[in-house]
There are 2 protein chains.
Amino acid sequence: MSNLADGMEDYLKKLLTLSASGYIDIKRKELAGKFNCVPSQVNYVLETRFTLEKGYLVESKRGGKGFVRIRKLQASLENLLDMFVQDIITGRISDDRARGLIQRLYDLKYISLRESRLMEAALDSLNIIKDKSLQETLRGWLLKDMLLMLIKFA
Amino acid sequence: MSNLADGMEDYLKKLLTLSASGYIDIKRKELAGKFNCVPSQVNYVLETRFTLEKGYLVESKRGGKGFVRIRKLQASLENLLDMFVQDIITGRISDDRARGLIQRLYDLKYISLRESRLMEAALDSLNIIKDKSLQETLRGWLLKDMLLMLIKFA
DNA sequence: TTTATACTTTGACTATCTTTGACCTTTTAT
DNA sequence: ATAAAAGGTCAAAGATAGTCAAAGTATAAA
C-alpha cells in the first residue's frame with residue numbers, strides 16, 4: 001500500500017492525461033476529502049511532485065469558487081526550461097547570468113527583440129537597490145516570474 | 001462555473017462591447033435581481049473590476065429615475081499621461097495603478113499582449129518585498145525603465 | 001538493531017476574495 | 001414637507017487557499 005502523497009500524485013497525473021486542455025482545476029478541500037486527509041496535504045503533494053523542474057505549473061485562486069489549477073508543460077517548453085531551472089530555483093542570480101539567459105531566449109527565437117529589451121530594462125531597474133543580497137534575490141524572482149508568464153500563455 | 005462577481009463582470013463587459021454609445025446604463029436593483037443577489041454586490045463588482053485605473057468611469061444617480069452608468073474610457077496617450085502624471089512625478093506607484101497603466105498601454109496598442117504580460121510578471125516579483133515604501137519606489141523605477149526602453153526602440 | 005536522515009501527515013493560524021445585510025444619503029413625486 | 005424610489009457604505013460572515021512547524025514514519029547507514 002503506497003502512501004497518501006503518492007496516491008494523490010498518481011490521481012492528479014491521471015486526470016491530467018485525460019484532460020484535453022492541458023490543465024485541470026481542482027478544489028483543494030474536495031480533493032482532500034476524497035483522500036481523507038487535511039487540505040494542506042494537497043499543498044505538500046503540489047510542492048513535491050508538481051514543481052517547475054518536473055514540468056508543471058500551479059496556479060490558484062482563493063475565496064468563493066476558488067480553485068487550484070495544475071498545468072502540464074509541453075515537452076518543448078520543458079526542454080527550454082531545463083536550461084534555466086537551475087538558476088531559477090536557486091532563487092538568486094547574477095546580473096551577467098540573467099542577461100545571458102535573456103540573450104539565449106532571444107537566440108532561440110523564444111522571445112522577440114522588444115521582449116528581450118523589456119526584460120533587460122526590468123533588470124536595469126534593480127540597480128538602484130543598495131542591498132546586494134536583496135538585489136540578487138529580486139533578480140531571481142523577476143526572471144522567474146517573467147519566464148513563467150511567458151510559459152503560462154505559450 | 002465561475003462565481004457571481006466574475007459572471008456579472010463578464011455580463012457588463014459584453015453589454016459594453018455591444019453598446020454603440022460607449023456606455024451603458026443599468027438599474028442596480030434590476031441587475032442584482034437578474035443575478036439573484038443583493039444590490040451591494042453590484043457595487044463590489046464595480047469597485048473591483050470597473051475602476052478608473054482599469055479604464056472605466058462609473059457615474060450614478062440616486063432617487064427616482066436613478067441609474068448606474070458605466071463608461072469605457074477611450075485610451076489616448078494624453079489621457080494616460082493625465083491619469084498617471086502624479087505617479088510619474090512622485091516616482092512611486094501602487095500595484096493597482098501600475099497594472100492599470102499597462103492595461104491602458106495595451107488598449108492603445110502600444111504594447112502587445114505578451115509584452116503586457118511580461119510587464120505584469122515583473123510587477124509580480126516585487127511582491128516579495130516586505131517594505132511597502134521600497135516596493136512602491138521600486139515599482140516606479142521598474143515601470144519607468146521598461147517604458148523608456150519601449151520608447152527608445154519604438 | 002540503533003541511529004540519523006529524509007519523507008509524510010497534521011493542524012493551528014493566516015491571507016485573500018466574495019457575498020450579504022443593516023443602515024445611510026440623494027433625488028423625485030405628490 | 002413627506003413619502004417613495006433609487007443608489008451608497010461598511011463591516012461581518014462565508015468560502016477558499018497558503019504557510020509553517022511539530023509530530024509521525026519509513027529508509028538508509030553504522
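Every chain is numbered from 1, with letters handed out A, B, ... down the list of sequences. Atoms considered below: every heavy atom in the structure, side chains included; atoms not considered: hydrogens, waters and symmetry mates.
Within residues 27-40 of chain A, the residues approaching DNA chain D are A:Lys27, A:Arg28, A:Lys29, A:Ser40, by heavy-atom distance under 4.0 Å.
In summary, contact between chain A and DNA chain D, defined as any nucleotide atom under 4.0 Å from a heavy atom of the protein, begins and ends at D:dA15 to D:dT19 in the 5' to 3' direction.
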Identify the pairs formed between an N or O of the protein and an N or O of nucleotides 25-30 of chain C at a distance under 3.5 Å, and give each distance.
| unit_1 | atom_1 | unit_2 | atom_2 | d |
| --- | --- | --- | --- | --- |
| C:dT25 | O4' | B:Arg62 | NH1 | 3.3 |
| C:dT25 | O2 | B:Arg62 | NH1 | 2.6 |
| C:dT28 | OP1 | B:Lys61 | NZ | 2.6 |
| C:dA29 | OP1 | B:Lys65 | NZ | 3.3 |

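Between the side chain of B:Glu115 and the backbone N or O of B:Ser112, at least one donor-acceptor pair lies under 3.5 Å.
The distance from the CE atom of B:Met149 to the CZ atom of A:Arg117 is 7.0 Å, given to the nearest 0.5 Å. Between the CG atom of A:Asp131 and the CG atom of B:Asp131 there is a distance of 11.5 Å, given to the nearest 0.5 Å.
Within the structure, the salt bridge (charged side-chain N to carboxylate O under 4.0 Å, His left out) test picks out the following pairs touching residues 77-93 of chain B (sequence neighbours left out): B:Asp87-B:Arg97, B:Arg92-B:Glu136.
In this structure, B:Lys34 forms no cation-pi arrangement with B:Tyr11, as its terminal cationic atom is not both closer than 6.0 Å to the ring centre and no more than 45° off the ring axis. Under the 6.0 Å distance and 45° angle rule, B:Lys72 counts as a cation-pi partner of B:Tyr56.
Between B:Asp96 atom CG and C:dT16 atom C1' the separation is 14 Å, expressed in whole Å. As rounded to whole Å, 17 Å separates atom P of C:dC24 from atom CG of B:Asn43. Rounded to an integer number of Å, the gap from CD of A:Glu59 to C1' of C:dT16 is 17 Å. Distance B:Lys130 NZ to C:dA15 P: 11 Å, rounded to the nearest Å. Rounded to whole Å, atom P of C:dG21 lies 12 Å from atom CG of B:Leu4. Rounded to an integer number of Å, the gap from CG of B:Asp124 to P of C:dT16 is 14 Å.
When the options B:Asp6, B:Asp96, B:Asp10 are evaluated for a salt bridge (charged side-chain N to carboxylate O under 4.0 Å, His left out) with B:Arg49, the one that passes is B:Asp6.
When the side-chain nitrogen and oxygen atoms of B:Tyr44 are compared with OP1 and OP2 of C:dT19, none of them lie within a distance under 4.0 Å. Phosphate proximity of C:dT18 to B:Arg49: present, with a side-chain N or O under 4.0 Å from OP1 or OP2.
Linking ILVMFWY side-chain heavy atoms closer than 4.5 Å, directly or via other members, places A:Leu123 and B:Leu150 in a single hydrophobic cluster.
Under a 4.0 Å N-O distance rule, the pair B:Asp124/A:Lys144 does not qualify as a salt bridge.
Not a single side chain to side chain donor-acceptor pair (under 3.5 Å) links A:Arg28 to another residue, sequence neighbours left out.
Between B:Ile102 and B:Leu143, the closest side-chain pair of non-hydrogen atoms falls below 4.5 Å. Side-chain contact between A:Ile70 and A:Leu57 is absent, with no heavy atoms from C-beta onward closer than 4.5 Å.
If you check every strand for non-hydrogen atoms under 4.0 Å, B:Asn3 touches sugar and phosphate atoms only.
Taking a 6.0 Å sphere around CZ of B:Phe67, one finds it holds more than 12 heavy atoms contributed by other residues, nucleotides or ligands.
Rounded to 10 degrees, the angle separating the terminal helix axes of the helix from C:dT1-D:dA30 to C:dT30-D:dA1, each built from five base pairs, is 0°.
Residues B:Asp107 and B:Gln103 bring a donor and an acceptor atom of their side chains to less than 3.5 Å of each other.
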